[in-house]
Amino acid sequence: MNLAKRFLIVSALALTFFSALGADDKASAKKKILFVTHSGGFIHGSVVQAEAVLKELGAKHDFEVVTYRFTGDPDAKRKFKTKVDGKDVEMEGTALDEYSARFKGATKEPVTRAQCGRINAATLKDFDAVFFFTTGDPVQSDDEMTALLDFVKSGKGFLGTHCATDTLYGRKNYGDMIGAYFDGHPLGGKTKVLVEDQKHPITQGLGDSFEISDELYQFRDPYSRDKLRVLLRLDPAFVIQAREREQKGVEDSKKKLKETIAKLEGDDAKKEELQKAQKQLKELETKKSSIKREDNDYAMAWVREYGKGRVFYTALGHGDN
């Protein structure tokens, strides 16, 4: 994990743990963070390294990290397919068996029963902050969602990295809390990240910009600068150049298809080939840019207050380096 990502995590933890809990009678006690990686969709291989980094930081900064790799009912019966000697084999087992097989395929590590837990009022009372590195639906019910939101509103902390915005689409109140939902990642590679808010504690030491290679998210509603304090954003010049490259690629493809169509017209033997090329051209002529935000506002990290609590999110963190 590079220095910029590491520093963001350290600073965010300090903000959510200590600033949000300043009035707590237990402020002098060792803080506990719940790190949740249960992913209903794509499982990022980097979650295992993230666990290791957080535990290393915890040892240095005197906070405890508890990991929930699975937040569903581990004993629910399942039929599922898994790879055995390179072949798909249908198996019967538990939800934990099924998820552990998926998790191991992405990370090379299994999920044990000790790494299972539910996000509910009974478990959250033991923590000072929750950190999501998730996709899909790690919260299993309305009651659990209410418990999480009430936990943050009461003055606790919530952190999310990368795919935490690719999570819980069916629960608008979650989107309102974290500040945005994922809307694709058409941008990627090495780019400059601008430190927009250089006065915030999280950004101290980052300078006015830094370079990073990552999978770069764009966002849709409820993203709004009226509700969020943006800390980091992509260099607009990078976004503009990427959109221009994409548009040029589309124009080049259209030109080649038109040339192909001109050669095929009138040749009855190649009628199907002609129709295929015409269909592809029509699709390209109506194709919209995958880089959607015309304002070129691509925030990469932000904070917000939520009730008495604090929320931090960064879009960075896809890879393990």
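Heavy-atom basis, side chains included; hydrogens, waters and symmetry copies ignored. Values in this document were obtained by computation on a predicted structure and should not be read as measured data.
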Legend entry - Near-ring test F132/F158, centroid separation under 6.0 angstrom: yes
Inset, instruction - Return the set of residues passing ring-ring contact (aromatic ring centres under 6.0 Å, His included) with Y169 (not counting sequence neighbours), or none when no residue passes. - result: Y181
Legend entry - Residue pair I33 / D128, side-chain heavy-atom distance below 4.5 Å: no
Inset, instruction - Look at R310 together with E305 and state whether they make a salt bridge at an N to O cut-off of under 4.0 Å. - result: no
Inset, instruction - Name all residues meeting the side chain to side chain donor-acceptor pair (under 3.5 Å) criterion together with D208; count only those two or more places apart in sequence or in a different chain, and write none if there are none. - result: none
Legend entry - salt bridge (charged side-chain N to carboxylate O under 4.0 Å, His left out) partners of residues 41-51, not counting sequence neighbours, each pair once: E51-R69
Legend entry - Partners passing side-chain contact (heavy atoms from CB on, under 4.5 Å) against Q275 (at least two apart in sequence or in another chain): K271, Q278
Legend entry - Residues K192 and E211 bridged, charged N to O under 4.0 Å: no
Legend entry - Charged tip of K32 within 45° of F127 ring normal and under 6.0 Å: yes
Inset, instruction - List for me each residue that meets side chain to side chain donor-acceptor pair (under 3.5 Å) alongside R220, sequence neighbours excluded, and say none if there are none. - result: none
Inset, instruction - Using a strict cut-off of less than 4.0 Å between a Lys/Arg side-chain nitrogen and an Asp/Glu carboxylate oxygen, indicate whether R171 and D142 qualify as a salt bridge. - result: yes
Legend entry - L228 side chain near V303 side chain, heavy-atom distance below 4.5 Å: no
Inset, instruction - Could you check T146 against D143 for side chain to side chain donor-acceptor pair (under 3.5 Å), going step by step and ending with a plain yes or no? - result: CA-CA 5 Å; T146 298; D143 286 346; 5.4 Å; no
Inset, instruction - Sequence neighbours left out, what pairs pass salt bridge (charged side-chain N to carboxylate O under 4.0 Å, His left out) with at least one residue falling in residues 239-248? - result: K248-D252
Inset, instruction - With the side chain counted from C-beta on, respond yes when V193 and D235 share a heavy-atom pair under 4.5 Å apart, and no when they do not. - result: no
Inset, instruction - Say whether D97 and S100, considering side chains only, have a donor N or O and an acceptor N or O under 3.5 Å apart. - result: no
Legend entry - ring-ring contact (aromatic ring centres under 6.0 Å, His included) partners for Y298, two or more places apart: none
Legend entry - Distance, nearest 0.5 Å, that separates NZ of K270 from NZ of K263: 9.5 Å
Inset, instruction - Output all residues satisfying ring-ring contact (aromatic ring centres under 6.0 Å, His included) with F35, sequence neighbours left out; order by chain, then residue number. - result: F131
Inset, instruction - Could you list all the salt bridge (charged side-chain N to carboxylate O under 4.0 Å, His left out) pairs where at least one residue sits in residues 144-154, not counting sequence neighbours? - result: R118-E144
Legend entry - salt bridge (charged side-chain N to carboxylate O under 4.0 Å, His left out) contacts touching residues 274-287 (sequence neighbours left out): none
Legend entry - Smallest separation among heavy atoms of N296 and V239, with atom names: OD1-CG1, 3.5 Å
Inset, instruction - Go through the side-chain N and O atoms of T134 and T167 and say whether any donor and acceptor fall under 3.5 Å apart. - result: yes
Legend entry - NZ/NE/NH1/NH2 to OD/OE distance under 4.0 Å, K60 and E56: yes
Inset, instruction - Mind checking the NZ-CD1 spacing from K104 to I43? Nearest 0.5 Å is all I need. - result: 13.5 Å
Legend entry - R225 bridged to D295 by N-O distance under 4.0 Å: no
Inset, instruction - Taking all heavy atoms of L284 and all of K254, pick out the closest pair and write down the distance. - result: CB-CG, 3.7 Å
Inset, instruction - Using a 4.5 Å cut-off on heavy atoms from C-beta on, say whether the side chain of I119 contacts that of V130. - result: no
Inset, instruction - Would you mind listing every ring pair (Phe, Tyr, Trp, His ring centres under 6.0 Å) that reaches into residues 220-246, with sequence neighbours excluded? - result: Y223-W302
Legend entry - Joint cluster assignment, L194 & L216, ILVMFWY side-chain distance < 4.5 Å: no
Inset, instruction - Could you list who else is in I240's hydrophobic cluster, with ILVMFWY side chains joined at under 4.5 Å, directly or through other members? - result: none
Legend entry - E109 versus F103, closest heavy-atom pair with distance: O-CD2, 3.1 Å
Legend entry - Aromatic plane relationship, F133 with H162 - under 30° parallel, 30 to 60° tilted, over 60° perpendicular: perpendicular
Legend entry - Donor-acceptor contact present, side-chain T94 to main-chain D75, <3.5 Å: no
